[in-house]
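Input: a single structure, listed below in structure tokens.
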Amino acid sequence: MPLSRLNQEQLHAATTKAGSNLIIASAGTGKTSTIVARIAYLLKEKRVKPEHILLLTFTNKAAAEMLERISIFFDKTVMERLESGTFHAVSYRLLKKLGKKISLKQPKDLKILLKTIHDKRRFDHIDSSINVYQSSYLYDLFSLYQNSTIDLNFSDWLEEKGSEHGDYYDIYEDIFIEFKELKNEYGYVDFNDLLIMMRETLKEDNSLKFNEVLVDEYQDTNNLQSSLIDAFDKKSLFCVGDYDQSIYGFNGANIEIIGSFADRYKGASIFNLNKNYRSTSKILALANRVIEHNPRLYKKKYEVTRTQECEAPQLLIYDELFTQYQAISSLIKLSNTTYENIAVIFRNNSSADGMEATLREENIPCKRKGGISFFDSREIKAIMDLLSVVVNSKDMMAFIHIFEYAKGVGSALSKELFEALSKLGAGDIYRGFFHPKDISNPFKKRVQNYQLGLFDDCHEFGSVSRFANENFNENFLSNPILKHARLSVDGAKFIFKFYNYMRNSIRIKNPKILVNYIINSEIFNHITDFLATQRAIKKDGSIDEVAKQEARERILKKGDILKELAGGYKSSERFLNALTLGKSEMSAGDGVNLLSVHASKGLEFSQVYVIDLMDGRFPNRKLMNKGGSLEEERRLFYVAVTRAKDNLSLSYARFDKIKKIEYVHSPFLKEAKLL
DNA sequence: ACTACGCCCCTTTTT
DNA sequence: GGGGCGTAGT
């Protein structure tokens with residue numbers, strides 16, 4: 001049993017009685033083992049049914065790893081009955097269980113949607129010296145607002161934050177009212193909506209009961225997540241976290257939540273895990289020297305268990321940024337440690353490209369978490385948009401993205417086409433194609449702008465006989481959208497491909513079969529051809545046919561990978577939503593780990609290189625001016641260095657020759673007494 | 001009025 | 001390397 005391997009303080013925490021329990025666990029003190037043991041204890045000793053246990057973690061990978069460790073002691077079916085994952089993934093699954101239909105959209109897509117609303121607004125009648133928030137920034141601000149507060153409206157929250165945009169509050173509020181309506185119309189849900197929906201559903205529906213709710217990385221909980229924890233009907237709460245590792249302030253993580261635990265939950269018990277099993281004494285001493293500069297919520301105690309001889313952390317100084325990357329690559333090359341046990345950690349992802357390039361030069365394999373280019377490639381996005389439109393035939397964003405590949409159809413026309421189809425199909429473009437309502441002019445504009453007294457747009461029709469030479473079928477030709485005056489033959493051909501795709505795909509329920517159908521469809525062939533051509537254009541403008549063929553094969557290969565990925569899912573809807581929830585957690589390949597500090601959270605490596613430790617970059621001064629703080633940057637530093645088990649190297653460069661910037665070392669190096 | 005194309009900007013961290 | 005913006009061209 002996992003309990004037998006615990007030390008006294010871990011055992012004490014893992015076997016505590018039901019109630020509100022907070023476990024303060026410093027880096028490397030075995031918090032995962034403690035959570036795993038707690039779950040095993042509940043299942044075995046307390047005879048709690050697995051479906052009455054809810055485990056909330058920061059990443060889905062963390063949850064999977066914990067389950068893996070528990071599964072050694074229990075039957076496989078037990079693990080399947082346990083509910084676990086991120087707040088978002090769990091909310092999605094539970095809402096699904098309650099029969100809600102959810103089409104989760106990427107923030108990027110929703111930002112585009114918000115921009116179209118923002119662009120329609122007029123601000124120039126307001127006499128103000130303050131520049132209006134741009135839509136993308138406004139989206140982030142609103143997201144932070146949703147994560148930060150549960151009882152204020154947006155204006156009051158802005159006011160409380162000292163915003164000087166008072167003159168614009170009404171317009172901002174109005175933008176988000178329309179945004180909400182549009183999300184509703186298109187059937188979209190964003191990350192925050194998922195949590196808010198879950199919380200509101202829990203208030204009305206009490207069929208979901210958990211005996212024990214466990215929360216990992218509790219220090220990074222924000223007010224929205226905390227309110228969701230409170231909304232769960234539970235007998236016992238088991239939260240594990242470390243004040244000094246709170247690094248998600250930008251997402252509303254509120255350090256007060258862990259700080260005020262005992263005040264908020266009557267009769268709460270607090271446990272401390274102080275014995276560090278991960279790092280050598282010298283690494284720990286360095287980490288603690290730095291973090292002690294932060295105001296203490298409680299006295300940090302730490303006990304070193306690895307007391308044997310060890311190497312001191314080293315400071316490496318270079319004249320130039322790339323010299324640094326190259327030198328570190330060489331050090332890695334010479335190291336006896338296996339690549340998988342080495343991590344290069346940085347504050348900003350911009351450090352990753354240079355590092356990756358120099359590792360490549362040395363032929364050292366490496367893997368980057370998140371931002372894998374696979375899901376960011378246009379062909380994969382296109383497949384996912386084609387899937388989206390089948391799963392949710394109200395999905396305007398997916399439709400517009402697909403029509404970016406149509407010649408002669410720009411953003412304005414594609415939006416008009418969508419709206420017309422939507423109108424013909426009562427909100428559903430599939431119906432708009434195949435069971436259209438009897439509307440002669442679906443392009444009639446709704447009166448939208450009251451101030452301008454905009455009338456219905458008188459729209460001139462083009463003759464459908466333009467398309468007489470095309471192999472369009474009767475049903476398609478009779479659809480009113482073909483009457484659009486600005487629709488070219490190329491545009492109509494593309495719509496026909498899309499029409500055929502919709503007709504055949506709607507019946508395919510299995511995601512793997514659907515992806516396979518997409519890859520072989522005419523519309524995807526059109527997209528493949530477009531992308532392959534684009535990628536094969538030579539400098540003189542001509543097309544390299546060999547390169548084009550190669551590009552085409554690469555695209556198809558990616559499609560096959562996506563097809564295999566889809567194989568594990570019951571429905572296309574689940575597949576799509578899983579990709580939105582967890583694509584960044586899929587890391588490809590093996591080798592040296594290239595990680596941002598945030599991505600390194602919860603991981604450990606024998607050898608760690610923390611690079612680019614220059615003032616401005618780490619700490620990131622830009623972010624500090626935008627609501628961050630030096631304390632948070634210091635916690636980031638603490639997280640980064642405590643990933644190391646045996647060897648720690650800290651490095652910086654004095655000059656960036658590409659950007660022509662001279663750098664001063666990070667103040668944390670001084671605090672660490674390395675300078 | 002709209003689309004296509006070329007040029008310049010920058011590029012935080014995550015579900 | 002992609003997104004935003006201005007310009008040429010339909």
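Here is how names work: the chains are called A, B, and so on, in the same order as the sequence lines, proteins then strands, and each is numbered from 1.
For the pair A:F58 and B:dT15, the ring geometry does not qualify as stacking, because the centroid separation below 5.5 Å and plane angle under 30° are not jointly satisfied.
The minimum heavy-atom distance linking A:A287 with A:V641 is given by the pair CB-CG2, 3.7 Å.
Shown here are the salt bridge (charged side-chain N to carboxylate O under 4.0 Å, His left out) partners of A:R643, two or more places apart in sequence or in another chain: there are none.
Note on A:N349: only backbone sugar-phosphate atoms sit closer than 4.0 angstrom, heavy atoms only; bases stay farther off. Using a 4.0 Å heavy-atom cutoff across all strands shown, A:L413 reaches sugar-phosphate atoms only and no base atom. At the heavy-atom level, A:F191 lies under 4.0 Å from base atoms of the strands shown. Using a 4.0 Å heavy-atom distance criterion, A:G408 is classed as a sugar-phosphate-only contact.
For A:S596 and B:dT14, the shortest distance from a side-chain N or O to OP1 or OP2 is below 4.0 Å. Phosphate contact (OP1/OP2 of C:dG3, side-chain N/O of A:K108, threshold under 4.0 Å): present.
Across the protein-nucleic acid pair, A:H484 atom NE2 and B:dT3 atom C1' stand 13 Å apart, rounded to whole Å. Spacing between atom CG of A:L110 and atom P of B:dT15 amounts to 17 Å, rounded to whole angstrom units. Remark: C1' of C:dG3 and CZ of A:R378 are 12 Å apart, rounded to the nearest angstrom. Rounded to whole angstrom, the span from the CZ atom of A:F494 across to the P atom of B:dA4 amounts to 12 Å. Per the geometry, CG belonging to A:N147 stands 14 Å off C1' belonging to B:dT13, to the nearest Å. Separating the CG atom of A:D353 from the P atom of C:dG2 is a distance of 12 Å, rounded to the nearest angstrom. Straight-line distance from the CZ atom of A:R617 to the P atom of B:dT13: 11 Å, rounded to whole Å. The nearest whole Å value for the distance from the CZ atom in A:F346 to the C1' atom in B:dT14 is 15 Å.
Ranking B:dT15, B:dC2, B:dT11 by closeness to the A:E416 side chain, first place goes to B:dC2. Proximity note for A:F250 (side chain, C-beta onward) versus B:dT14, B:dT15, B:dT11: the nearest is B:dT14. You'll find that the side chain of A:R486 is closest to B:dC2, out of C:dC5, B:dC2, B:dT14.
Distance check: A:F668 CZ to A:D615 CG gives 8.5 Å after rounding to the nearest 0.5 Å.
In this structure, A:H88 and A:G410 both approach DNA chain B, and ranking their closest nucleotides by distance from the 5' end singles out A:G410. Mapped onto DNA chain B by nearest heavy atom, A:F87 and A:A412 fall at different nucleotides, with A:A412 at the one closer to the 5' end.
No donor-acceptor distance shorter than 3.5 angstrom exists from the side chain of A:S143 to the backbone of A:Y139, with no hydrogens or angles considered.
Screening A:L195, A:V189, A:N577 against A:Y92 for a side chain to side chain contact (heavy atoms under 4.5 Å, CB included) leaves a single residue, A:N577.
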